[in-house]
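The chains referred to below are lettered A, B, ... by the order of the sequence lines, with proteins before strands, and numbering in each begins at 1. Quick note: numbers below take in every heavy atom, side chains included, and nothing from hydrogens, waters or symmetry partners. Here the structure is a predicted model, which means the values were calculated and not measured.
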Amino acid sequence: MNALPSLAVAAETEPVIRLDAIERSFGQVKALRGISLGLRPGRALALVGESGCGKTTCARIIARMDQPTSGKLTFRGRDATAAGTAGEERAYRRAVQMVFQDPFASLNPVFTVHHHLARPLALHGHAKGKAALAGGVAELLAGVGLDPEVTAHKFPHELSGGQRQRVNIARALAVQPDVLVADEPTSMLDVSIRLGILELLARIKREKNLALLYITHDIATAAHVAEEIIVMFAGQMVEWGATTAVIADPRHPYTQLLLSAVPDPDRPFVPGDSARFLKHAEEVRRISRPASAEVEQVAQDHFVRALGAAS
Amino acid sequence: MNKPLLQVRDLCVDYLTDKGAFRAVKNVSFDIGRGELFGLAGESGCGKSTIAYAITRLAKAPAWVAGGEILLDGQDLLRLNEASLQKVRWRRIGMVFQSAMNSLNPLMRVEAQFHDVLHRHNGASRERSRARAEAMFRLVGIPGSRLGDYPHQFSGGMRQRIVIAICLALEPELIIMDEPTTALDVVVQREILEQVIDLQRNLGFSVLFITHDLHLMAQLCHRIGVMLKGELVEVGDVRQVSRAPLHEYTRKLWGAIPQLPARAREALA
Ligand SMILES: Nc1ncnc2c1ncn2[C@@H]1O[C@H](COP(=O)(O)OP(=O)(O)OP(=O)(O)O)[C@@H](O)[C@H]1O
Ligand SMILES: Nc1ncnc2c1ncn2[C@@H]1O[C@H](COP(=O)(O)OP(=O)(O)OP(=O)(O)O)[C@@H](O)[C@H]1O
Ligand SMILES: [Mg+2]
Ligand SMILES: [Mg+2]
C-alpha cells in the first residue's frame, strides 16, 4: 500500500498516533476514504484541502469524538479504535488535545478565561495553589499574545473572535499534551499574531516533543509550521510528503489550483476573471474526483495519487 | 460621487464592565458609497466587530453607543425605534457575523431556515423560497440535495457559506461581512467572493468587508480603512493604502507569512 506520511520519511521515531485506512461515511456522504497517517513526537503534519473534504472529521476521529466506519486508530502501538477502560480513556484525553474549528462554540459561556485555563492546570497537576495557578494562567495567556491582566477575568462573550481563538489554543496547551490536533486555530488572526503563535507551537514541539496535526486552509502557514503535508480532496489524500517538496513541485491538479488561488494583492479580481477561474476550478474538480488507488512516488518524500479515468 | 449610502460619524462605543466603561471604538468616521466595496482591517481585538454590531444595532447587552451618528441614506439608525429597525435589518442591511458558523438554528433544517427568513422579509411562498435556496446553494457551491440537512451535518466552511447564501438571498442594499471566509480554503474563498462581486455588479449593493487579511482585502475592495486599538488610523483608496501606507502600523499589517516559492504561485496564473 501507499506510504504513510510521516512514516515515509526516515523512521527515527514511532508515531504516537497512527491512522490506517480510515473510512467514515455519514449516510450517502463518504467523508473519509482510506486515510492513513502518522503523528510523531517533535514533528508537525499539516492537513490542507477543500472546504468539506473531511479535515474536521479526521481530527474528531483522532480526538476520539467520532468513530470511523472502518479502519484502525493506533495510540502508542495499541489499537485505540474502540473505547477502552476508564483509565485508558483518561490517559488518552490527557495525551491528545484538540483546538476546535469554531471559537464561538467551544468555550463554556459561564466560565471565565481564568477558569478555562486553571482547571486543566490543576486537574493534571501542572500547578498547585492559587499563586501557582495564577502564574500558570498568566504564562499561557502571554504565550498566545493576550494580556493576562485584561483577559483572565473575562467571560467568553467579552472576547473578540481572534481573542477566543487564542484562549482555545492556550486551553489545549494547558494540558501539556503529547499530541495536539489544531483545526484552523489561527484563521482569524493577522500575520504578526499568527507568527507569534506558530513560533510558540514550534518551541513546544521542539522542547516538549509535541506531535502536531495542523489543519489549515492557508498553505503558506502550512509551509511555515509543518515538515510534512497532506493535501485532501473529497475525502481522500491526493498528494503528500515533505512540505517543501510538495509546494515546490505540486503534481496533483487540485494542489496546483490551491497554490494558484492564494490571495495576491497585486492582482485585483477583475470582471471576466470570475468566469475563467470558476471554469478552471470546475474542470480541476471534475478530473480530481475519479481518483484511482494508484499512488505514484514523485521523489523520495513526495507522493501523488493518480487520477482515475475521467468519466 | 453622489451621496454615500452609509455615513459613520464620530462613532464611540463602550463596553460596560465591572471595572468601568471600556471604550472599544473611538471617534470613528467613514463613508461607504453606493456600490462600493469598503474594507475594514486591523489587528485582533481592535474593534472591527463592535462597529459591525453598532451599524446593525445588534450591539450585545453591555455595549453602549456613547456618541456619534450612523446614517443610512441620511437617516440616523441610532434614532430608529425597534419597529423601524426591523424593517431595516436584513431587508436593507444584511449581515454575515463572524460567528456565522455557529449562528444557524441547530434544530431546524437549512431549507426551513431559508424559508423562515425569506418569508418574514419578502413574504415568499414555500415553493419560491425552495427555488431561491437551491439557486443560492448552487452559488456557494453546495449540492442542492443537501438542503434538507441540519446545520451539524455540514462542515464549518459549509455553514459559513450557507449564512452568506441566506444573506445574499435577501438582496439588501448594504452587506456587512465580518470575517466571512475564515473556514474556507483559498479556492472556495475565491469562488464565493468572485460570485459576490458579480452579484454586486448586477444588483449594485454596497459591502462592508471586515478581515484581518489585507492581501485578500486588496484584491476585493475599492477603499480600505485600517483600525488600531479602537481608532481608525488610515482610510484611503486600495492602491494608496497598499502601495504607500501612511501609517507605520498599516505597513506592519501588510506583512505576510514568508511566501511560497514563486514557481508554485505562477503554476496556473
Ligand atoms: N455529523 C455529520 N453528519 C452528516 N454529515 C457530516 C457530519 N459531519 C460531517 N459531515 C459531512 O462530511 C463531509 C466532511 O466534513 P468535515 O467537517 O470533515 O469537512 P472539513 O474538511 O473540515 O471542511 P471545512 O474546511 O469546511 O471545515 C462534509 O460533506 C460534511 O457535510
Ligand atoms: N461584551 C464585551 N465586554 C467587554 N469587552 C468586550 C466585549 N466584547 C468585546 N470586547 C472587547 O472590545 C474589543 C474589541 O472587540 P471586537 O470584537 O470589536 O474586536 P475585533 O476587531 O472584531 O477583533 P477580532 O479580529 O479578533 O474579531 C476587544 O478588546 C474585546 O475584548
Ligand atoms: Mg472543518
Ligand atoms: Mg471580530
Side-chain angles (χ1 to χ4, degrees), chain A residues 26 29 48-57 101-102 104-105 154 157-163 165-166 183-184 187-195 198 217-221 223-224 247-250 256-269 271 273-274 277-278 280-281, chain B residues 15 17 41-45 48-49 60 62 98-99 101-103 142 153-158 160-161 178-179 182-191 193-195 197-198 201 212-216 218-220 238 242 252-261 263-269:
Chain A
F26 298 102
V29 180
V48 304
E50 189 162 61
S51 169
C53 74
K55 303 180 296 294
T56 298
T57 304
Q101 181 173 17
D102 185 355
F104 288 91
K154 283 196 170 176
H157 74 270
E158 298 176 315
L159 301 172
S160 76
Q163 289 167 344
Q165 272 193 329
R166 288 180 276 168
D183 194 357
E184 307 261 21
S187 60
M188 292 172 188
L189 301 174
D190 55 285
V191 187
S192 59
I193 297 175
R194 183 177 305 184
L195 275 173
L198 298 184
H217 58 263
D218 177 16
I219 207 153
T221 297
H224 198 73
I247 286 176
D249 188 16
Q256 292 169 351
L257 178 66
L258 205 54
L259 283 160
S260 73
V262 171
D264 180 346
D266 294 329
R267 270 196 213 130
F269 296 159
D273 215 33
S274 143
F277 181 81
L278 296 180
H280 178 63
Chain B
Y15 285 107
T17 70
E43 196 164 75
S44 170
K48 306 181 293 296
S49 299
K60 298 163 278 178
Q98 190 171 10
S99 55
M101 222 188 281
N102 187 33
S103 68
I142 302 176
Q153 295 177 298
F154 292 95
S155 78
M158 288 168 143
Q160 228 169 22
R161 285 182 270 161
D178 191 356
E179 304 270 15
T182 48
L184 301 181
D185 62 280
V186 285
V187 178
V188 171
Q189 167 175 281
R190 183 157 163 190
E191 283 172 338
L193 294 179
E194 293 202 350
Q195 298 277 17
I197 292 181
D198 266 2
R201 288 211 171 92
H212 63 276
D213 185 347
L214 267 181
H215 294 257
L216 175 65
Q219 273 188 301
L220 188 75
V238 167
S242 61
K252 191 181 126 199
L253 271 188
W254 270 109
I257 303 275
Q259 250 320 327
L260 301 161
R263 178 156 168 233
R265 300 176 74 204
E266 296 304 320
L268 279 156

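The two residues B:S44 and A:R166 have their closest heavy-atom pair at OG-NH2, 2.8 Å. Across all non-hydrogen atoms, the minimal contact from A:Q101 to B:A183 is NE2-CB, 3.5 Å. In plain terms, the two heavy atoms of B:V186 and A:L258 that are nearest each other are CG2-O, 3.3 Å.
For the pair A:I193 and B:E43, the minimum side-chain heavy-atom distance is below 4.5 Å. Taking the side chain as every heavy atom from C-beta outward, A:F277 and B:E194 approach each other to under 4.5 Å. Proximity of A:K154 to B:T17: side-chain heavy atoms (C-beta onward) are nowhere separated by under 4.5 Å.
We find the CD-CG distance between A:E50 and B:D185 to be 5.5 Å, quoted to the nearest 0.5 Å. Rounded to the nearest 0.5 Å, atoms OG (B:S49) and CE (A:M188) are 8.5 Å apart.
There is no contact between A:T56 and chain B, counting heavy-atom distances below 4.5 Å. At a 4.5 Å heavy-atom cutoff, A:V48 makes no contact with chain B through either its backbone or its side chain. The part of B:I197 that comes within reach of chain A is its side chain, from C-beta onward, which places non-hydrogen atoms under 4.5 angstrom from that chain. Residue B:D213 touches chain A through its side chain alone, counting heavy-atom pairs closer than 4.5 Å.
At distances below 3.5 Å, at least one donor-acceptor pair connects side-chain atoms of B:H212 with backbone N or O atoms of A:L189.
Among B:G157, B:S99, B:S155, B:A218, the residue making the largest number of heavy-atom pairs under 4.5 Å with chain A is B:S99. Among B:Q160, B:Q195, B:R190, the residue making the largest number of heavy-atom pairs under 4.5 Å with chain A is B:R190. Among A:S160, A:G54, A:C53, the residue making the largest number of heavy-atom pairs under 4.5 Å with chain B is A:S160.
Screening B:E191, B:R161, B:Q189 against A:S51 for a side chain to side chain donor-acceptor pair (under 3.5 Å) leaves a single residue, B:R161.
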